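These numbers come from a predicted model, not from an experiment. Basis for what follows: all heavy atoms, side chains included, without hydrogens, waters or symmetry-related copies. We number each residue from 1, following the sequence as shown.
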Amino acid sequence: MAAAVYDAIENGSTLIAEAGTGTGKTFAYLVPALIAGGKVLVSSGTKPLQDQLFRKDLPAVLDALHINAATALLKGRANYVCLHRTARAESEGMLPTREDVVHLRSVIRFASTTSTGDRAELAEVPENAAIWPLVTSTRDNCLGAECPRFAECFVYKARREAQGADIVVVNHHLFMADLAFRDDSIRDFLPTVDTVILDEAHQLPAIAADFFGASLSLAQLLEAGRDARSLGLSRAPDGASWITLTHRFERAVRDLRLALGNAGLAIGSRTPVERIPRRADLIPAFDELDGCAAEVLRALEINRGRDAELDLLIGRFSELRRELKDWTQAVGTPAHAEENEGPPDPTEQSNPSVRWISVSTHGAQFNQTPLAPGQALARAREAQPQAWILTSATLTAAGRFDHFLAEVGIEGATTARWNSPFDFPQQALLYLPKSLPSPNDARFAQVVAEAAWPLVRANGGRAFILCTTLRAVDKVADRLRQLMALDDQQLPLLVQGTTTRRALIDAFRASGSAILVGSISFWEGIDIRGDALSLVVIDKLPFAPPVDPVVEAKIRYLRRIGRNPFNEYQLPEAIMLMKQGVGRLIRDETDRGVLMILDERLLTKPYGKVVLASLPPFARTRTEAEAIEFLTRRPSTGRART
């Protein structure tokens with residue numbers, strides 16, 4: 001793999017490489033990139049991997065090669081404490097809860113001692129704490145060079161270091177933000193790097209869909225209203241009736257939320273615009289909100305030049321009005337004819353997208369998602385002259401890259417695969433139980449818990465139970481509690497939603513006998529080696545729900561352009577996610593364990609063979625006793641860890 005990466009760098013070409021768990025793919029791309037020289041940009045799928053690359057893997061390779069190179073870690077703005085906004089939050093003193101006050105004090109102490117300002121270093125303030133938006137900046141509210149604390153700014157310090165570094169480590173969200181021209185974080189140096197390496201590349205199509213699409217939330221609107229009131233009162237108190245204007249604007253935002261319910265959108269729904277039952281009823285609410293936004297904008301324009309932060313709101317409200325007008329037009333446009341009636345028009349085929357609205361208890365989000373995000377990604381790739389390396393453990397279905405290549409849209413790439421070096425037939429057993437109900441059966445989640453419990457009990461916990469939906473997580477967990485009580489076996493039960501993902505994983509590692517029940521967010525990016533995890537249970541094939549607005553629209557679009565949605569989209573997507581879930585089990589040469597999948601479609605449907613052919617070559621059984629015996633048997637010999 002290292003040789004293939006080196007060739008791609010030397011030729012300035014694109015390599016798409018699947019490397020199974022244990023191949024050492026991180027070293028396989030870092031070593032040739034460092035030997036080849038030049039400026040290197042490494043992008044990871046998650047911030048934890050970004051930190052591991054920068055703090056562990058990269059220093060190890062530099063040390064091994066005796067190379068002295070400058071390195072830099074760069075994250076998006078919201079990851080760094082903003083000194084100016086922190087000072088403003090302290091001086092205004094208008095925090096709603098005592099907890100917010102405590103968190104602000106922690107941030108202030110941290111800001112006075114940290115050299116990086118990276119909020120990840122402040123563990124005592126939770127990731128989702130309400131204080132963070134008040135003490136970090138966004139592109140909308142950052143003053144840039146006009147900021148009184150610009151010389152000390154952590155964001156620009158990180159960017160300056162990145163400009164001068166030989167190797168810069170970023171994450172996909174920051175990388176994609178640059179390609180989508182959403183931020184200027186890395187635009188200055190991206191065209192000058194010699195090599196771009198994209199690890200965990202299987203995430204790129206989904207992230208590209210977010211960044212090359214558009215979204216507007218009621219929370220964004222309310223935040224803009226609050227900022228206009230706060231800045232107006234503090235910077236131009238005599239400039240307008242700020243309280244009246246912003247209260248009217250915020251009331252219009254809340255009226256739009258009520259109108260969504262009246263139009264037929266239930267809490268938790270995700271609905272394409274053309275399926276909204278009474279969408280014409282939304283137009284008056286949109287018009288009223290736009291009118292209130294226009295009044296705030298006029299007040300801001302009258303006071304232009306009095307304060308830099310107040311001036312930033314002019315562009316912000318102008319953009320919000322533009323987005324509101326787009327949505328008013330979309331809601332007012334008659335529903336399209338069914339997309340399978342006649343050929344697609346050239347505009348739709350070149351830039352297909354779906355508009356949809358998601359509704360929560362008090363909020364809503366308006367989304368426009370591209371159905372072929374790879375087109376924009378491919379254009380961005382063509383505009384960059386560097387070598388690109390895209391790698392992951394899961395890029396193929398049944399050994400073929402067709403689906404991933406279609407999703408990223410990049411042509412002319414070299415593809416290559418390297419299987420995991422682990423001895424899967426000896427290290428792991430795939431258990432496919434008999435006589436299971438259909439995954440659509442109302443009692444299926446309870447059956448999952450009942451079928452898994454004998455193995456979990458015999459294994460003393462040490463199990464992941466991975467479900468495809470949050471609803472199934474709760475049902476499985478509830479039934480497991482009942483079964484543990486009946487057997488008087490109280491094992492630690494960790495359930496998604498009870499605390500943060502990181503806290504659950506830390507608790508699982510610390511316990512040594514825990515059961516973790518989680519949904520899709522636990523299927524990837526978790527590395528637990530050794531005896532702590534030796535049983536992974538997957539409830540069913542992770543097909544995306546066909547009623548999801550994006551999935552439904554993409555199925556119609558693919559069918560309309562003459563492609564097979566199931567074979568070319570739904571099945572490969574499910575296989576790639578399944579491979580991620582399966583990959584949680586064997587992480588090391590000495591790991592042993594059982595993978596249990598409770599979906600009979602693997603054996604009864606023709607596509608089941610394709611799924612099984614995509615998984616590692618585990619030994620197989622359909623007998624519970626054999627699975628339990630494998631879990632409880634200690635291997636007579638074992639290879640030493642390397």
Side-chain angles (χ1 to χ4, degrees), residues 16 176 179-180 201-216 265 269-277 279 323 326-327 329-358 365-382 395-398 400-411 413 468 520 541-577 607 610:
I16 297 177
M176 207 64 69
L179 294 186
H202 63 278
Q203 297 181 6
L204 288 176
I207 296 174
D210 288 339
F211 279 95
F212 291 113
S215 67
L216 172 68
L265 297 182
S269 64
R270 294 158 56 93
T271 311
V273 167
E274 63 269 19
R275 295 281 180 85
I276 298 173
R279 60 189 180 132
E323 294 179 21
D326 281 351
W327 275 95
Q329 182 178 0
V331 167
T333 301
H336 297 297
E338 282 299 314
E339 294 188 5
N340 57 8
E341 296 178 6
D345 62 55
T347 303
E348 180 202 30
Q349 197 163 357
S350 63
N351 191 28
S353 66
V354 58
R355 283 185 182 266
W356 55 283
I357 300 174
S358 60
Q365 186 155 329
F366 304 84
N367 308 280
Q368 182 174 12
T369 304
L371 302 178
Q375 295 175 353
L377 189 59
R379 287 194 296 271
R381 169 65 186 114
E382 290 169 5
L395 296 178
T396 65
R400 298 181 63 88
F401 286 91
D402 302 32
H403 171 66
F404 182 74
L405 289 171
E407 288 295 294
V408 295
I410 297 175
E411 297 181 353
T468 53
I520 298 299
L541 290 169
F543 286 111
V547 295
D548 179 272
V550 178
V551 175
E552 180 186 26
K554 186 151 186 171
I555 289 171
R556 290 203 310 264
Y557 167 70
L558 291 173
R559 188 177 292 130
R560 201 168 176 207
I561 62 174
R563 293 174 56 187
N564 184 312
F566 183 79
N567 290 335
E568 298 182 49
Y569 170 55
Q570 293 166 279
L571 180 60
E573 286 283 308
I575 288 174
M576 289 173 67
L577 184 52
Y607 59 77
V610 181

- Note on the structure: Here the gap from Arg379 atom CZ to Ile410 atom CD1, rounded to the nearest 0.5 Å, amounts to 12.5 Å
- Taking the inter-plane angle between the rings of Tyr607 and Phe543 on a 0 to 90° scale, is it parallel (under 30°), tilted (30 to 60°) or perpendicular (over 60°)? perpendicular
- Query: Gln570 versus Pro565: any side-chain heavy-atom pair under 4.5 Å?
  - Reply: yes
- side-chain contact (heavy atoms from CB on, under 4.5 Å) between Ile575 and Val610, intermediate numbers included: CA-CA 9 Å; Ile575 288 174; Val610 181; 3.8 Å; yes
- Option passing side chain to side chain contact (heavy atoms under 4.5 Å, CB included) with Leu377 (candidates Glu407, Met176, Glu382): Met176
- Message: Using a strict threshold of under 4.0 Å (side-chain N to carboxylate O), is an ion pair present between Glu411 and Arg381?
- Response: no
- Message: For a 4.5 angstrom cut-off between non-hydrogen side-chain atoms, does Arg355 reach Asp326?
- Response: yes
- Query: Which heavy atom of Ile520 sits nearest a heavy atom of Thr468, and at what distance?
  - Reply: CG1-O, 3.9 Å
- Verify, without hydrogens or angle tests, whether Thr333 (side chain) and Gln329 (backbone) share a donor-acceptor contact under 3.5 angstrom. yes
- Pro545 side chain reached by Asp548 side chain, heavy atoms, under 4.5 Å: yes
- Query: Are His403 and Glu573 close enough that a side-chain donor and a side-chain acceptor fall under 3.5 Å?
  - Reply: yes
- So, do Val273 and Arg279 sit near enough that their side-chain heavy atoms are less than 4.5 Å apart? yes
- Min side-chain heavy-atom separation Trp356-Thr369 under 4.5 Å: yes
- Message: Quick one, Asn367 with Ile357, criterion side-chain contact (heavy atoms from CB on, under 4.5 Å). Give me CA distance, side-chain angles, the key distance, then yes/no.
- Response: CA-CA 6 Å; Asn367 308 280; Ile357 300 174; over 6 Å; no
- With the side chain counted from C-beta on, respond yes when Phe211 and Pro373 share a heavy-atom pair under 4.5 Å apart, and no when they do not. no
- Query: Can you name the closest pair of heavy atoms from Pro272 and Pro549 and give their distance?
  - Reply: CD-CB, 3.7 Å
- Message: Does any part of the side chain of Phe401, heavy atoms only, come nearer than 4.5 Å to the side chain of Ile16, both counted from C-beta?
- Response: yes
- Answer whether the closest heavy-atom distance between the side chains of Tyr569 and Arg563 falls below 4.5 Å. no
- Message: Working to the nearest 0.5 angstrom, can you tell me the gap between Leu216 CG and Phe366 CZ?
- Response: 6.5 Å
- Looking only at non-hydrogen atoms, find the nearest pair between Ala201 and Phe404 and report the distance. O-CE1, 3.4 Å
- Short side-chain donor-acceptor distance under 3.5 Å, Ser358 and Gln365: no
- Query: Between Met576 and Thr396, which heavy-atom pair has the shortest distance, and what is it?
  - Reply: CG-O, 4.1 Å
- Item | Gln375, Lys554, Arg556 screened by side chain to side chain contact (heavy atoms under 4.5 Å, CB included) with Pro352, the one that passes | Gln375
- Note on the structure: Interatomic distance, CG@Asn567 vs CG@Leu558, rounded to 0.5 Å, equals 11.5 Å
- What closest approach, in Å, do Leu371 and Ala553 show between heavy atoms, and which atom pair accounts for it? CD1-O, 3.8 Å
- Message: Before you tell me yes or no, could you show the steps for Arg559 and Glu568 under salt bridge (Lys or Arg N to Asp or Glu O under 4.0 Å), namely the whole-Å CA-CA distance, both residues' side-chain angles and the distance that decides it to 0.1 Å?
- Response: CA-CA 10 Å; Arg559 188 177 292 130; Glu568 298 182 49; over 6 Å; no
